[in-house]
Amino acid sequence: DGGITQSPKYLFRKEGQNVTLSCEQNLNHDAMYWYRQDPGQGLRLIYYSQIVNDFQKGDIAEGYSVSREKKESFPLTVTSAQKNPTAFYLCASTRDRGYGYTFGSGTRLTVV
Amino acid sequence: QKEVEQDPGPLSVPEGAIVSLNCTYSNSAFQYFMWYRQYSRKGPELLMYTYSSGNKEDGRFTAQVDKSSKYISLFIRDSQPSDSATYLCAMTQPYGNNRLAFGKGNQVVVIP
């Protein structure tokens, strides 16, 4: 079945470390998105990519970086510059605006 | 003023009751309207999708859009304990980058 796979499900980061969250889709979708979800804050857009080798900052891009070298993959790196990275991270993709987003199952990142 | 306003609740109802959820928005350019359901520690899943104004029904779920009032609603009839989740509204314009504007989500608890 087609879908979006996020890994790992749980991730622990030490202070000062960079960590990379994986997002892979086999839906042949062009556009992919990264969101951060905090209690009471809803979904906040970090980065998005509408096509391979191109991506744009969302509303809270500081302290994060992405790449889009393949259509299927859109990894997110949480850098040490992100001061409060503990959150639930969601990856999504879409075929076109007439179809809504498909979300992955999320990665819960905790700073230890 | 936020683009999309959604009362976060929580909303507790007895099993079998009708659940009524709503969102208001400020951007009159929005034409695509969605409702997502998110279970705890999972990614959101698309529940209902409506283009422009009107009603859409799918089983126990009905989505309504009133563009003149900038107001959308989701009704769940004969609610079940399995409907206990967070419901997020989302919307986007018919042009541009297809970024979704999300409400903060409304937690619903159906009590057996």
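Order of the sequence lines sets the chain letters (A, B, ...), proteins ahead of strands, with each chain counted from 1.
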Counting only heavy atoms closer than 4.5 Å, note whether [X] contacts chain A via side chain, backbone, both or neither.
X        : answer
Gln6(B)  : neither
Tyr36(B) : side chain
Tyr95(B) : backbone

Can you tell which part of [X] gets under 4.5 Å to a heavy atom of chain B, answering side chain, backbone, both or neither?
X         : answer
Thr102(A) : neither
Arg44(A)  : neither
Gln50(A)  : side chain
Gln37(A)  : side chain

Transitively linked via ILVMFWY side-chain contacts under 4.5 Å: [X] with [Y]?
X         : Y         : value
Phe30(B)  : Trp35(B)  : yes
Phe102(B) : Leu46(B)  : yes
Phe88(A)  : Leu109(A) : no
Tyr47(A)  : Val78(A)  : yes
Leu45(A)  : Leu88(B)  : yes

For this output row, return yes or no: ring centroids of Tyr49(B) and Tyr99(A) closer than 6.0 angstrom.
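Ring centroids of Tyr49(B) and Tyr99(A) are no less than 6.0 Å from each other.
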Whether over 12 other heavy atoms sit under 6.0 Å from [X] [atom1]:
X         : atom1 : result
Arg95(A)  : CZ    : no
Ile111(B) : CD1   : yes
Arg77(B)  : CZ    : yes

Taking the side chain as every heavy atom from C-beta outward, state whether Leu100(B) and Tyr101(A) have any atom pair closer than 4.5 Å.
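SC-SC contact between Leu100(B) and Tyr101(A) confirmed.
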Heavy-atom distance under 4.5 Å between the side chains of Leu90(A) and Lys42(B), does that happen here?
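Side-chain contact under 4.5 Å: no.
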Give the member of Gly105(B), Pro94(B), Ala90(B) that has the highest number of heavy-atom pairs under 4.5 Å with chain A.
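Result: the option with the highest number of such pairs is Pro94(B).
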Heavy-atom pairs under 4.5 Å with chain A, option from Gln31(B), Lys104(B), Gln107(B) with the top count:
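Of Gln31(B), Lys104(B), Gln107(B), Lys104(B) has the most heavy-atom pairs under 4.5 Å with chain A.
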Pair Arg99(B) + Asp59(A): basic N to acidic O under 4.0 Å:
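A salt bridge links Arg99(B) with Asp59(A).
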Rounded to the nearest 0.5 Å, what's the gap from CG on Asn98(B) to CG on Asp30(A)? Could you check?
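With rounding to 0.5 Å, CG (Asn98(B)) is 11.5 Å from CG (Asp30(A)).
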